[in-house]
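Values reported hereafter were calculated over all heavy atoms of this structure, with side chains retained and with hydrogens, waters and symmetry mates removed.
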Amino acid sequence: MAVKIKLKRLGKIRSPHYRIVVADSRTRRDGRAIEEIGKYHPTYNPSVMEVDAERVAYWLGVGAQPTEPVLAILKKTGDWQKFKGEPAPAPLLVAEPKKARPSFEALSGEDEGKGEAITQKKKAEKKDEAAAESESAGA
């Protein structure tokens, strides 16, 4: 029986996330798995890759073959280099914690309105036009 380390797709239509699983090569993509050994969330920024290094080393040691996407993930996490005896890659990016946005109440206290309209009033223009018309008619 050929054993593969592959991705099992989960999630909604446009928000996929994957589990890294060990399964028989003849099973479906989302079919029954022997063991789950990690998670992969590509839609997050930066993407989340969690892999159980001990279980990956065990399954690679007994002859499980990773698929191409899983091989790319294992190279990024450094598990493939550890298995092959190559130097480790650069560390992965870690998401920075989001800064807290100021609340509405905090912003409203700083800027107080003047209470006046910015645009000119149109009534004054109408009076000027009416006065000009009466002068031209009277002349």
Participant: Do you reckon V21 sits in the same ILVMFWY cluster as V62, going by side-chain contacts under 4.5 Å, direct or chained?
Facilitator: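 Looking at the clustering, V62 is in a separate group from V21.
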Participant: Is the closest basic N to carboxylate O distance between R28 and D30 below 4.0 Å?
Facilitator: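 The answer is no: the pair does not qualify as a salt bridge.
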Participant: Are the side chains of R29 and K8 in touch, meaning some heavy atoms are under 4.5 Å apart?
Facilitator: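 Of all side-chain heavy-atom pairs linking K8 with R29, none is under 4.5 Å.
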Participant: Are K6 and T27 close enough, and set up right, to give a side chain to side chain donor-acceptor pair (under 3.5 Å), and what steps lead you there?
Facilitator: CA-CA 11 Å; K6 56 186 180 179; T27 60; 3.3 Å; yes
Participant: Rounded at 0.5 Å granularity, tell me how far CD1 in I5 sits from OG in S25.
Facilitator: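 Result: 12.5 Å between the selected atoms.
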Participant: Once rounded to the nearest 0.5 Å, what's the spacing between atom CZ of R9 and atom OH of Y18?
Facilitator: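 Output value for this atom pair is 5.0 Å.
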Participant: Kindly indicate whether the side chain of L10, heavy atoms from C-beta on, has any atom under 4.5 Å from the side chain of P16.
Facilitator: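 SC-SC contact between L10 and P16 ruled out.
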Participant: Of the non-hydrogen atoms in A23 and R32, which two are nearest, and what is the gap between them?
Facilitator: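 Result for this residue pair: CB-O, 3.9 Å.
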Participant: Run the side-chain donor-acceptor check on residues 33-41: report pairs under 3.5 Å with partners two or more places apart or on a different chain.
Facilitator:
| from | atom 1 | to | atom 2 | distance (Å) |
| --- | --- | --- | --- | --- |
| E35 | OE1 | R55 | NE | 3.4 |
| E35 | OE1 | R55 | NH2 | 3.1 |
| E35 | OE1 | W59 | NE1 | 2.7 |
| E35 | OE2 | R55 | NE | 2.8 |
| E36 | OE2 | R19 | NH1 | 3.3 |

Participant: About how many Å separate NE2 of H17 and OG1 of T43, when rounded to the nearest 0.5 Å?
Facilitator: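 The OG1 atom of T43 sits 9.0 Å away from the NE2 atom of H17.
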Participant: Can you check whether I73 reaches L7 side chain to side chain, under 4.5 Å on heavy atoms?
Facilitator: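 Yes; the side chains approach each other to less than 4.5 Å.
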Participant: Rounded to the nearest 0.5 Å, what separation is found between the CD1 atom of I20 and the CG atom of D52?
Facilitator: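 I20 atom CD1 to D52 atom CG measures 10.5 Å (nearest 0.5 Å).
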Participant: Do Y58 and V70 belong to the same hydrophobic cluster, where Ile, Leu, Val, Met, Phe, Trp and Tyr are linked whenever their side-chain heavy atoms lie under 4.5 Å apart, directly or via other members?
Facilitator: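 As far as the 4.5 Å side-chain criterion goes, V70 and Y58 are connected within one cluster.
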Participant: Side chains of L74 and P66, heavy atoms from C-beta outward: is any pair under 4.5 Å?
Facilitator: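 The answer is yes; the side chains approach within 4.5 Å.
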